[in-house]
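Below you'll find the structure, written out as structure tokens, and then a few comments.
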Amino acid sequence: MATRLQYENNCEIGVFSKLTNAYCLVAIGGSENFYSTFEAELADVIPVVKTSIAGTRIIGRMCAGNKKGLLLPHNTTDQELQHLRNSLPDSVVVQRIEERLSALGNCISCNDHVALTHPDLDKETEELIADVLGVEVFRQTVAGNILVGSYCTFSNIGGLVHPHTSIEDLDELSTLLQVPLVAGTVNRGSDVIAAGLTVNDWTAFCGSDTTATELSVIESVFKLREAKPSALVDEMRKSLIDTYV
Amino acid sequence: MAEDTGMFTVSQTIGSVLCCKCGITMQPNAANMCTRCLQSEIDITEGLQKQVTIVHCPECNKYLQPPKTWTGAELESKKLLSFCIRRLKNLNKVRLVNAEFVWTEPHSKRIKVKLKVRKEVLNGALLEQSYTVEYVVQDQMCETCSRAQVNPNQWVAVVQLRQHVTHRRTFFYLEQLILKQDAAKSAIRVRQMDQGIDFFFNNRSHALKFVEFLGKYVPIRTRSDKQLISHDPKSNSYNYNYTFSVEISPICREDLICLPPKVAASLGNPGPLVICNKVSSSISLLDPFTLRQSFLDADQYWRSNFKALMSSRQLVEYIVLDVEAISSEVNVGGSRCLLADAQIARVSDFGKNDTIFNVRTHLGHILNAGDYALGYDLCNTNSNDIELDKYKGLVLPEVILIKKSYEEKRQKKRGKPRTWKLRSLNMDIDSAAKGGGGSDEKMDSEYEQFLRDLEENPDLRFNLSLYRNKDYQPSELASVVDGEDPPSIPLDELLADLDLSDGDGDDDETIDLDSIRG
């Protein structure tokens with residue numbers, strides 16, 4: 001189920017929030033509306049943590065993570081690091097890494113099994129990613145853009161990429177990631193996918209400029225229509241005979 | 001580029017996305033919206049004029065570009081299209097790709113132009129849109145037409161060209177010069193007056209330009225004046241009539257001049273008797289006995305303002321009996337001269353009596369025994385010149401020869417048309433200003449003389465255009481003629497004439513002496 005919202009009248013949700021299957025990070029805003037929307041949707045299932053990274057509010061683009069871990073840039077302050085370690089569940093490894101490209105959210109796009117990274121990332125960083133996040137790392141570009149973290153978003157179920165991606169590239173990425181991919185737009189034709197959209201296995205949040213068409217594409221590729229929190233789905237699978245849509 | 005280096009590249013097929021508004025599949029573009037949605041959303045012609053009024057003068061078919069310029073243009077022409085586009089404001093915000101006329105009835109007073117414009121919208125998408133602009137045509141007479149309606153003979157500036165001599169050779173020459181340089185194309189009327197020509201213009205600057213043109217070819221002195229015709233006290237505008245009075249110096253080619261002592265002194269004392277051999281913006285004087293050439297500027301001449309002692313009307317024909325060269329041939333100012341002693345007798349005396357003159361002449365290079373020459377008969381003339389009296393003890397030569405005469409040879413060619421002809425300027429003849437009936441023959445003979453001058457002097461022809469005469473057929477008899485032919489113009493100097501007439505026009509194009517008389 002996809003929700004449309006705004007952060008202080010700005011539709012770029014993915015810049016100010018980070019959503020994974022185990023936790024959700026939210027930027028500190030002037031009003032509480034942003035946080036309360038996330039809370040209303042997710043509070044029962046996963047912790048929703050208000051934070052800043054390196055003193056900024058653009059936390060979605062500064063950090064990268066999945067249910068196994070969270071990577072923070074070198075300019076994260078010690079208090080923020082401590083705060084995050086305290087607030088997040090123990091299963092999540094919080095690690096601060098020394099990397100020249102400090103906007104990790106723009107450079108790394110990952111789900112729980114595979115990660116796509118910026119082609120110029122350091123070798124040690126790549127190893128750290130594989131270690132901390134427990135994923136297989138591929139250096140790739142999306143539609144000729146090296147900032148893979150900005151121009152594509154994927155969960156364990158599906159993914160959305162830059163609209164100018166050619167069919168061959170789409171097939172290649174799809175094979176690498178082992179999830180179905182579709183090229184589309186968000187926020188009324190904007191091609192910066194990850195900035196306008198943040199998604200996990202059962203829910204998605206996008207900017208309020210997103211049109212109905214874009215929303216239907218998102219819901220279909222991430223299979224959000226029948227989605228429920230994964231724990232519940234596993235339970236119900238045994239007793240389910242039929243599902244009415 | 002990658003292909004050039006031999007690298008293997010995968011061919012890229014562009015995928016399709018859904019239009020973010022209407023959801024139809026389309027190729028991705030910068031806005032990621034299908035063209036229909038883009039057009040429905042954004043109108044790039046917003047703020048551009050869709051209706052404009054333009055002013056048109058029905059008399060001269062011109063359109064007004066405010067505040068004052070009137071441009072002539074036909075309906076559905078390129079000029080009209082560019083004029084219409086120039087009248088649109090704000091067109092610099094978009095880029096114009098195409099413009100064309102949409103047909104409207106000519107009497108509907110509407111002109112429709114379809115414009116296609118292109119503009120960048122959203123994040124770099126170029127949108128192209130076409131729209132129609134309607135021009136309402138308002139009829140209003142332009143200034144010139146309304147002035148012409150009131151008084152058709154209205155002029156603003158006049159150049160009154162005068163030369164106080166008894167012949168019109170200078171005006172024939174000037175007429176040809178004007179035709180060649182197209183100097184009188186802005187003149188609304190040309191009027192022939194006694195001893196001169198009047199040129200009427202609609203603009204003071206045109207008249208001024210014409211006066212400057214004249215100053216380059218003849219030595220002139222000008223005076224200008226203006227007369228108030230009307231004035232508008234509220235807008236402080238004044239309408240004047242400007243008059244330029246231009247006087248050409250009375251010294252012409254082949255004139256015999258006695259220089260006043262002051263002028264002679266300033267020129268380095270040439271013998272007081274000099275011949276004028278070339279007139280352009282300055283007067284060139286040749287002393288026939290010392291072969292020295294001096295020049296007088298227009299200003300210098302008008303300061304002393306002397307007149308010729310004798311002019312070409314008074315030339316007498318002589319026959320040359322003997323020529324003896326004294327010195328070698330000299331090149332004086334581009335033309336050759338040879339000082340020689342000659343024995344001559346008047347043609348009228350020849351055979352009747354034995355009057356022979358021994359004279360010194362500068363024509364030794366072309367005169368031979370048996371030739372005819374034209375010269376001034378000084379011993380038999382009674383000249384009342386003040387300047388001559390100032391020179392005490394001056395011995396006048398008996399005869400001064402000026403040029404060689406081809407009269408005998410011309411007799412043989414009389415009646416046959418020339419190989420070349422000239423065009424003439426369209427002049428009104430002021431019948432009141434003309435003298436009696438005898439001037440018609442005088443004009444004809446003067447013009448004939450002018451044509452002969454052109455044949456004899458190549459430097460006179462230099463600035464003019466001569467045209468091939470279609471009527472001339474070289475006759476078979478020409479080869480039979482023995483002796484020299486009179487000088488004629490070589491064919492390669494002639495221009496093929498423009499055939500501007502409607503086809504039966506050969507009659508219009510031959511020299512019609514009637515056109516001068518009117």
Side-chain angles (χ1 to χ4, degrees), chain A residues 2 4 11-12 140-145 150-153 158-177 180-197 204 206-222, chain B residues 1-48 93-97 115-131:
Chain A
R4 284 191 265 213
C11 300
E12 309 290 341
Q140 262 292 352
T141 64
V142 171
N145 288 311
S150 313
Y151 290 102
C152 80
T153 304
L160 188 65
V161 291
H162 190 285
H164 289 181
T165 315
S166 66
I167 300 201
E168 289 85 9
D169 277 355
L170 214 52
D171 290 338
E172 191 186 337
L173 285 170
S174 198
T175 331
L176 280 178
L177 304 175
L181 294 177
V182 86
T185 65
V186 83
N187 272 344
R188 210 184 183 77
S190 162
D191 37 16
V192 193
I193 308 295
L197 168 69
C206 47
S208 55
D209 272 352
T210 314
T211 61
T213 318
E214 292 165 338
L215 211 56
S216 71
V217 169
I218 291 167
E219 286 185 352
S220 74
V221 78
F222 290 108
Chain B
M1 302 167 294
E3 282 88 20
D4 296 343
T5 61
M7 271 175 56
F8 169 75
T9 45
V10 188
S11 58
Q12 310 277 356
T13 345
I14 315 237
S16 57
V17 286
L18 300 184
C19 161
C20 65
K21 262 189 91 171
C22 59
I24 63 170
T25 26
M26 52 169 242
Q27 297 242 318
N29 60 29
N32 292 319
M33 274 201 259
C34 62
T35 32
R36 278 227 185 115
C37 294
L38 258 184
Q39 276 174 348
S40 67
E41 207 153 301
I42 298 162
D43 179 18
I44 54 178
T45 65
E46 200 180 349
L48 299 176
K93 301 224 173 75
V94 296
R95 243 188 61 192
L96 188 61
V97 174
L115 298 166
K116 208 190 278 194
V117 289
R118 191 184 283 179
K119 194 175 172 184
E120 197 184 282
V121 293
L122 290 184
N123 26 353
L126 280 181
L127 192 57
E128 219 175 69
Q129 195 175 334
S130 56
Y131 70 107

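In what follows, every chain begins at residue 1, and chains take the letters A, B, ... in the order their sequences are listed.
Shortest non-hydrogen contact noted between A:Pro163 and B:Pro28 is O-CG, 3.3 Å.
With respect to chain B, the highest number of heavy-atom pairs below 4.5 Å among A:Asn187, A:Leu170, A:Thr211 belongs to A:Thr211.
With hydrogens and angles ignored, the 3.5 Å screen pairs no side-chain donor or acceptor of B:Thr13 with any backbone N or O of A:Ile167.
Within the structure, every pair that satisfies the salt bridge (charged side-chain N to carboxylate O under 4.0 Å, His left out) test and touches residues 18-45 of chain B, not counting sequence neighbours, is listed here: A:Arg188-B:Glu41, B:Lys21-B:Glu41.
Proximity to chain B (any heavy atom under 4.5 Å) is restricted, for A:Thr185, to the side chain, taken from C-beta onward.
In this structure A:Ser166 satisfies the side-chain contact (heavy atoms from CB on, under 4.5 Å) test together with A:Glu168, A:Asp169, B:Gln12, sequence neighbours excluded.
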